[in-house]
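In what follows, a single structure is set out as structure tokens and then discussed.
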2 protein chains.
Amino acid sequence: MTDVVVPALYRQIYMRFRASIAEGLLKPGDRVPSIRALASELNLARGTIESAYQLLISEGYLLSRGAAGTIVSPAIKAVPMSSKSQPVSLPQYSLVHSGEPPQPFQMGLPALDAFPRKLWNRIASYELRHSFWDGAVYPDARGHSSLRRAVAGYLGVSRGISCTPEQIFIVAGYRAALDLISRTLLQPGDSCWVEDPGYFAAHDFLREAGATLVPVPVDSDGMVVEAGVEHVPDARFAVVTPTHQSPLCVALSMPRRQALLEWANHQQSWIIEDDYDSEYRYHGRPLPALKSLDTQDRVLYCGTFSKVLLPSLRLAYLVVPEKLVLRFTELADKMQSHCPQLWQVTTAKFIEQGHFGRHLKKMRNLYAHRRQLLVDALSAKLEHRLSVDHQVGGMHLLARLAKSEDDRGICIRAKRAGLRVEALSKWYLKERSEHGLLLGFTNVVDKEQASELVERLAQIIGSQPERRNDTVLYDACR
Amino acid sequence: MTDVVVPALYRQIYMRFRASIAEGLLKPGDRVPSIRALASELNLARGTIESAYQLLISEGYLLSRGAAGTIVSPAIKAVPMSSKSQPVSLPQYSLVHSGEPPQPFQMGLPALDAFPRKLWNRIASYELRHSFWDGAVYPDARGHSSLRRAVAGYLGVSRGISCTPEQIFIVAGYRAALDLISRTLLQPGDSCWVEDPGYFAAHDFLREAGATLVPVPVDSDGMVVEAGVEHVPDARFAVVTPTHQSPLCVALSMPRRQALLEWANHQQSWIIEDDYDSEYRYHGRPLPALKSLDTQDRVLYCGTFSKVLLPSLRLAYLVVPEKLVLRFTELADKMQSHCPQLWQVTTAKFIEQGHFGRHLKKMRNLYAHRRQLLVDALSAKLEHRLSVDHQVGGMHLLARLAKSEDDRGICIRAKRAGLRVEALSKWYLKERSEHGLLLGFTNVVDKEQASELVERLAQIIGSQPERRNDTVLYDACR
């Protein structure tokens, strides 16, 4: 066995301080703990700390100011003491979730300028004072009862989904909902229909959880259910975005909804309904949620507050059939992935007090307006290159490109220029992808900004914008 | 295909309200949305809502009060409309994480009465107003930079762990840390040394993640490393609680620490150091953290704020070797399991402003006192049945029972009587378990309560307390 030489205690303390100063964790002028306090914290004799401090002072790391306490010497420069303390040059990784402000055209974000911040903070401050201890130890693993009740009420009235609060699980996002579902119901190798094109992060997650993905094409009526039935009739799961297909924003037609339920009932398979932004529909009547038509309890329904409030709340919900409540409860209890209580009770209050309904209504109008701003700007500058799908809802535009255009290349160049445009072709699982740009419009605040952003996009696409009189931009509804 | 008959829209609305009333989601006297507001929310013609409301009013479900709005009829009783709306009698499951207040003797909880609630709320309120938008969209997946910096500083000074903020990942608890580790480093079938007895929730999680558990016995010097080396020398992981072994509270001796590091260096295996309550040591000097001795970067270090602040904050941290930072970053970014920003910035401020150090010091004194209260009460009532281990730290007592005593039976009876005692034998993976009771003492507030709780426990154990003069209760140090 190699001998590990443990230095004297005072020397260990001395080295810790040197390392902390070298790494910049303690900065010149920072106060260090008193000898008494540190001795108590570390359960060491005061003499030990005193020896360490004396050495640090004699070497100029610390400066004693008598009764005013001891500080890191203001004159010191950070001096690495060993290779371990050297500033590390880490390999770079470009985070999707970096905490940075969003970039123009970024998809899936609510309008940040329109979030009712003051109202929200007022409710949150109240709840911080009044319900902080509500589940302050280990909160209910299924979610706070007030929020589960509020969500059940909202789904009943707004989405026609009849469910009890017991069927609702509050989760930290769609991915967390898929995690609960897959840990409860998925066996490795289970076939799973997914939309093609479709939400690739969900595909990645399901694949990692052991599912065998079956890409099912999407046309103007949504997922082509008959193609799924033809190719892999015995799939155990179908994952769909029926309200606004992600990313094409088409709605799953009523006959397809019926066919999908029919198939699930017959096969005893599960439908995962991802109803991520059903609240945003700008014209036409919404079709009933699959879950509201689910007479045989085959649908697991997922909704989220990321799109209608803020993604950083990490609040979403899952509605499970009654017969699965027990199994999901056991698993949720084991997982301990609680959502923040404060945001749960604040959101519940926000719904109960009627603010949620008003906020949705306001956002619906705002987004219809902002959507039009971007459509107009694209039409003025880029209609010879792009054709915008006529979608009934959603939070992004789909601007199609000719097959000959390289949408991924455009997006890489756009990203370098600070525009977060996504390439449609990236959302396909199979080769025969179509090309286009996905453009979030919710944070386009006015006409000037829309023009400026589209101008930058046009330069990236590398074309001289020329208006052709005979093209109707807005008519590319498939 | 079965025909799904979709009722007229107004009838769908009518049924939603009936269902919501029947299920108690809308209660007598509750206000319902105005026709205009609901029509707008559902994107339906006002006439449709009006027809539904008229039917509901004519059947007595709703009551129109003219300009004062429409309400659920105060006279109504919840009347189920179909089997789907029947109050569901769900199978019962006893949640560990139920949101209920903690029970006496519950392990692993901080002293709830001593949490600096006002101070905490003051900082949180400030941060709510001032840094709510800091990462309000998609927060940094690795954790908020202020908290990572504060944790690096704390670990440097208090645990002798020299690390940069880049090596720190803020996670939602120890389980989340194990999830990151296993998704990054664990291959299905990898052997993993675990302490026997040991923290069974971690064992369950690792087993589910695909690890093959290798139980390694624990003696008074902690995990018997030589037994692990002898039986499964090529394990890929060793999971240890070196400061206070969970649940025996013994410390891993220095020679064992060296042997463990030696083994990991030689095998290129990973050590997962779970340092869950190192802050609570009541006498003697703490040994250096394994991570602080880890010259070859084989240790993944896990700490948590659950024991030193509150479990409901869901804040823990993981320190990974520099060479693994990139892989862990990529995975954390994919997982999107962010911890609440508000609690992150509040905790960072709490540390930076010196409150954390003061709180720890205060708790250390308080827990030493409360521990003694419980030891004294047990000594007075139960020393002929129980012998309390002399532990140097931790948040629970281990009161040993004779092998002939059924510790699990006692715990089941105690639970029925409202006492959350745990059975030592439950923590063993192998047969040759020892028997005893694990008793959390952090929430035992005074002598009277200690006596009262021990009295209840004594009745459950079913003995007449008889003081034997010749037994020294406190001397059962193994």
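Order of the sequence lines fixes the chain letters, A, B, ..., with proteins taken first and strands second; residue numbering starts at 1 for each chain.
- Contacts of Ala152(B) with chain A are made by both backbone and side-chain atoms, with heavy-atom separations under 4.5 Å.
- No part of Arg31(B) comes within reach of chain A, as not one of its non-hydrogen atoms sits under 4.5 angstrom from that chain.
- Contact of Glu279(B) with chain A is not made at all, since no heavy-atom distance falls under 4.5 Å.
- Closest of all the heavy-atom pairs between Val157(A) and Arg16(B) is O-NH1, 2.8 Å.
- Of the atoms belonging to Pro165(B), it is side-chain heavy atoms, and not backbone ones, that fall under 4.5 Å from chain A.
- With a 4.5 Å cut-off on non-hydrogen atoms, Cys163(B) touches chain A through its backbone but not through its side chain.
- At a 4.5 Å heavy-atom cutoff, the contact between Tyr154(A) and chain B is made by side-chain atoms alone.
- Contact annotation for Trp263(B): neither backbone nor side-chain heavy atoms come within less than 4.5 Å of a heavy atom of chain A.
- Of the atoms belonging to Ile161(A), not a single heavy atom falls under 4.5 Å from chain B.
- Proximity to chain A (any heavy atom under 4.5 Å) is restricted, for Arg159(B), to the backbone atoms N, CA, C and O.
- Neither the backbone nor the side chain of Ile13(B) comes within contact range of chain A; no heavy atom of the residue lies under 4.5 Å from a heavy atom of that chain.
- If you measure heavy-atom distances from Leu109(A) to chain B, the contacts under 4.5 Å come from the side chain alone.
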